[in-house]
Each structure stands twice: as structure tokens, then as C-alpha cells.
Amino acid sequence: MSNTPDLPWIPARRTAPARAADWVRGFSVGQVAVATPFLLAPMSGVTDTAFRVTVLEASGAASVGLLTTEFLSVELLTSGHMATRMRMAFAPELERPLSVQLFGGDPGRMAEAARHVEAAGAQVVDINCGCPAPKVVRRGGGAELMRDPSHLARLVEAAATAVDIPVTVKLRSGWDDSQRNVVEVAQLAERAGAAMISVHGRSRAQRYAGAPDWDLVDEVARAVRVPVVGSGDLVAAEQALARLRHTQAAGVMIGRAAIMNPWIFGQIQDLIAGRAPRVPGSAARVALVEAFAERLSHTLPEGAIAGRLKQLLARLSKGVPGGGLLRSVALRATTHEALLAHVRAFFEAAELGETARWAETTRLQLERVG
Ligand SMILES: Cc1cc2nc3c(=O)[nH]c(=O)nc-3n(C[C@H](O)[C@H](O)[C@H](O)COP(=O)(O)O)c2cc1C
């Protein structure tokens with residue numbers, strides 16, 4: 001496999017040597033070094049410390065340039081809401097550099113929350129300007145800020161004045177098709193003090209539908225001097241590298257693909273080094289799910305652990321022969337131990353090439369239970 005594949009549907013813009021190792025570079029966000037340009041995207045309900053550490057263990061600590069938390073409400077964080085404080089938890093020795101993402105519409109609260117983040121020891125504060133959820137938008141945060149760029153600039157300025165660590169923003173392409181103003185918003189955010197700009201190339205109206213606009217990511221990257229990071233639909237290691245090569249973006253973010261394939265960042269590093277990307281075997285998959293469950297047990301009650309494992313498994317077993325049946329038995333499990341037992345049985349059978357036998361036995365068991 002070539003280590004810098006040219007995907008025909010991405011127009012070539014960057015003149016780059018053929019070997020990825022010769023052109024893949026880290027960058028700086030203010031004073032923070034991002035050693036490799038592949039970042040883990042923030043995902044609410046997913047990218048807590050247990051998930052982030054799982055990705056680092058699967059891919060290798062040096063394979064992710066910057067980790068970002070789920071988004072946290074500035075109101076809840078500054079009013080001492082325990083669950084929100086817990087969601088800011090991280091493993092400081094492993095998760096470096098770490099960005100904590102905040103959402104909210106009040107500059108005073110944003111500044112105060114940024115100070116909390118700095119005091120907690122994170123390296124970067126990110127302001128969410130892309131969340132499409134009505135409950136966030138109604139309160140003047142998330143994607144609503146794309147409609148009010150001067151207010152967005154006030155929020156950035158308030159946070160940037162309050163802390164010494166860099167403040168960054170994550171934008172969408174605009175509110176809807178008629179207002180794709182991300183270039184103008186990015187320029188304003190930069191002037192207000194943003195040290196990095198991430199762009200998910202879809203509008204708020206698109207939510208997650210349709211194709212992300214990577215040309216717009218490229219346009220933003222050409223319009224500002226701070227690093228720009230593109231996000232949207234990077235599903236494979238080869239594609240992430242190709243996207244980086246063919247835009248002026250300093251980096252790219254991977255979100256959903258990291259749930260399906262927590263090894264993806266390591267696979268990118270394999271490609272850069274000219275190696276065949278690692279393919280996790282059954283034992284590695286079982287070990288990953290077990291370690292994830294163990295980490296979740298430090299922060300979540302039993303009921304919530306099974307839910308999070310199902311979420312991971314739903315994606316991890318995609319495309320694996322027999323994965324559909326595994327998902328349906330796992331969904332019925334009421335404890336995380338029962339769920340892990342299904343995972344072990346399934347992947348052990350897969351290792352021995354006996355998935356068909358596992359499926360037959362499992363179907364019989366399901367019929368018996370009704
Ligand atoms: C379940 C889920 C939760 C998300 N939560 C956040 C969030 O808290 N903050 C944010 O800026 N973006 C959030 N996003 C958007 C992602 O960061 C990313 O920009 C988007 O999913 C496109 O990238 P992908 O195709 O690699 O997933 C979320 C996306 C998903 C799927």
C-alpha cells in the first residue's frame with residue numbers, strides 16, 4: 001500500500017513530496033506544541049477520559065496531537081455542578097496536550113470557566129461554536145454564535161484575557177446554506193485572540209447530513225494566520241493523510257471513526273513511517289473493551305457502564321462478520337460483565353474462524369430466552 005495515496009476525489013492543492021514522513025508536521029497553538037497534526041475531535045457523550053485514554057492505548061500516546069474533552073457548560077462549571085466538574089476529569093500524565101471545550105453565551109462566565117480549566121491543568125481552552133442542539137443554541141452558545149460573530153469575538157476575547165493558556169474555537173461552515181460565513185467568523189475570532197480554529201465543514205442546518213465542505217476548510221486556512229484544523233467524515237487512516245496533504249489546514253480531526261477504530265491514529269503513524277497499518281486482532285479488541293470497562297468503572301455507576309460499552313461496541317463491531325448478532329445480544333445485556341462475556345465469546349470464536357458456530361449457538365440461546 002502506498003503511504004501517501006492520492007484519492008481521485010480530492011483536488012491536489014499542496015505540492016508535497018511523495019513520502020508522508022517528509023511533509024507531515026506538527027504545529028503550535030500559542031505556546032503549546034501539537035507534535036502530530038492528527039487530533040481527536042470532541043464528542044459529547046463519548047470523549048471522556050476513559051475513551052481518550054483507550055484511544056491513546058490503542059494508537060500510541062504520541063499518535064494524537066491534541067485531545068479534547070466533551071463540551072462543558074460554562075454555567076454548570078462555574079456554579080460548582082459536580083457532574084460537570086467530573087466530566088472535566090483527565091489523566092494529566094497521559095493526556096497531554098489536552099483541550100477542554102466549553103460552551104455558553106455569557107462572556108463573564110466564559111472567562112471564569114476558562115480560569116477553571118487553566119487551574120485544572122489543561123493546556124488549551126476551546127470554545128464550542130458549532131453545537132446544533134436547540135438547548136445549546138437557545139442559550140446563545142454553540143452554532144448560534146455563527147449567527148452573531150461579534151458576540152463570538154467577545155467570548156473569545158473574554159476568555160483570552162482571563163487565561164495564559166491558548167484559547168481556540170471550533171466552528172461550523174455557517175448557520176445554513178445561505179449563511180456560510182465561516183471565513184469571516186474565523187478572521188474575527190483570530191483578531192479576538194483565538195490561537196487555533198477548527199472547522200467542521202457542515203452548517204448548523206446540515207447537522208451531520210450531506211458532505212462536509214473541505215474547500216471551505218481550505219479557504220479558512222488561507223484566510224487566517226493561526227493554525228486551522230479540518231473536521232468531517234474522515235473514516236480511514238489513508239483518507240486523513242490525503243486530506244491533510246491536499247488542504248492548507250495545519251491539522252485534521254477524527255471523531256466518529258475513532259469510536260469504530262480506536263487504532264486509527266496509530267494506523268496513520270504506520271503509514272507515515274512507510275509501514276502497513278496495524279490490524280488489531282481479536283485479542284486486542286477484547287482487551288480494549290475490557291480496559292475501557294475498567295476505566296469507566298472509576299467514574300460511572302454500573303448502569304451507565306453497560307450503556308457506554310454498548311455505544312463502543314455498536315461501532316467497534318461494524319463491518320465485522322457476525323457483528324450484527326453480537327450487537328443484538330450485547331444490547332440485551334443488563335450488566336457490563338454479561339456484555340463482556342458476549343464480547344469475549346464472539347472474538348474468541350472469530351479468532352478460531354468459528355463465528356458461524358458462535359452465531360448458531362447464540363441464536364439458539366436467544367430463542368430459548370424468547
Ligand atoms: C456523538 C457526537 C458528539 C459530538 N459532540 C461534539 C462536541 O461536544 N463538541 C464539538 O465541537 N463537536 C462535537 N461533535 C462534532 C465532532 O467533533 C466532529 O466535528 C464531527 O462529528 C465530524 O467529524 P467526524 O465525521 O470525524 O465524526 C460531535 C459529534 C458526534 C458524532
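For the single chain, residues carry numbers from 1 onward in sequence order. When a ligand or atom number is given, it counts from 1 through the structure's own listing order. Because the structure is a prediction, the values reported are computed rather than measured.
Looking only at heavy atoms of the protein, atom 3 (C) of ligand 1 is closest to Ser44 N, 3.2 Å. Atom 26 (O) of ligand 1 has as its closest protein heavy atom Gly255 N, 2.9 Å. Counting protein heavy atoms only, atom 28 (C) of ligand 1 is closest to Tyr208 OH, 3.2 Å. If you check which protein heavy atom lies closest to atom 13 (C) of ligand 1, you get Pro42 O, 3.0 Å. From the protein, the heavy atom lying nearest to atom 19 (O) of ligand 1 is Ser231 OG, 2.7 Å.
Listed by number with element, the atoms of ligand 1 under 4.0 Å from a non-hydrogen atom of Lys170 are 10 (C), 11 (O), 12 (N), 15 (C), 16 (C), 17 (O), 18 (C), 19 (O). Close approach of ligand 1 to Gly232 is summarised as follows: ligand atoms under 4.0 Å from at least one heavy atom of the residue are 22 (C), 23 (O), 25 (O). Shown in contact with Ala41 at under 4.0 Å from a heavy atom are these atoms of ligand 1, numbered in order with element: 17 (O).
Selection from Ile254, Ile264, Asn128 by nearest heavy atom to atom 10 (C) of ligand 1 gives Asn128. With Met253, Gln101, Arg256, Arg202 as candidates, the residue nearest to atom 24 (P) of ligand 1 on a non-hydrogen basis is Arg256.
Under 4.0 angstrom from ligand 1, the non-hydrogen atoms of His200 all belong to its side chain.
Side chain to side chain, Ser282 and Glu348 fail the donor-acceptor criterion of an N or O pair below 3.5 Å. Side-chain contact, Ser317 with Arg327: a donor N or O sits under 3.5 Å from an acceptor N or O. Of the N and O atoms on the side chains of Glu302 and Thr335, not one donor lies less than 3.5 Å from an acceptor on the other residue. Using a 3.5 Å distance cut-off with no hydrogens or angles, the side chains of Arg308 and Gln311 do pair a donor with an acceptor.
Checked for salt-bridge contact, Arg52 and Asp48 miss the test: no charged N lies under 4.0 Å from a carboxylate O. A salt bridge links Glu57 with Arg295: at least one charged nitrogen is closer than 4.0 Å to a carboxylate oxygen. Of the charged side-chain nitrogens involved, at least one lies within less than 4.0 Å of a carboxylate oxygen, so that Arg256 and Asp233 count as a salt-bridged pair.
His342 and Phe347 have their aromatic ring centers separated by at least 6.0 angstrom.
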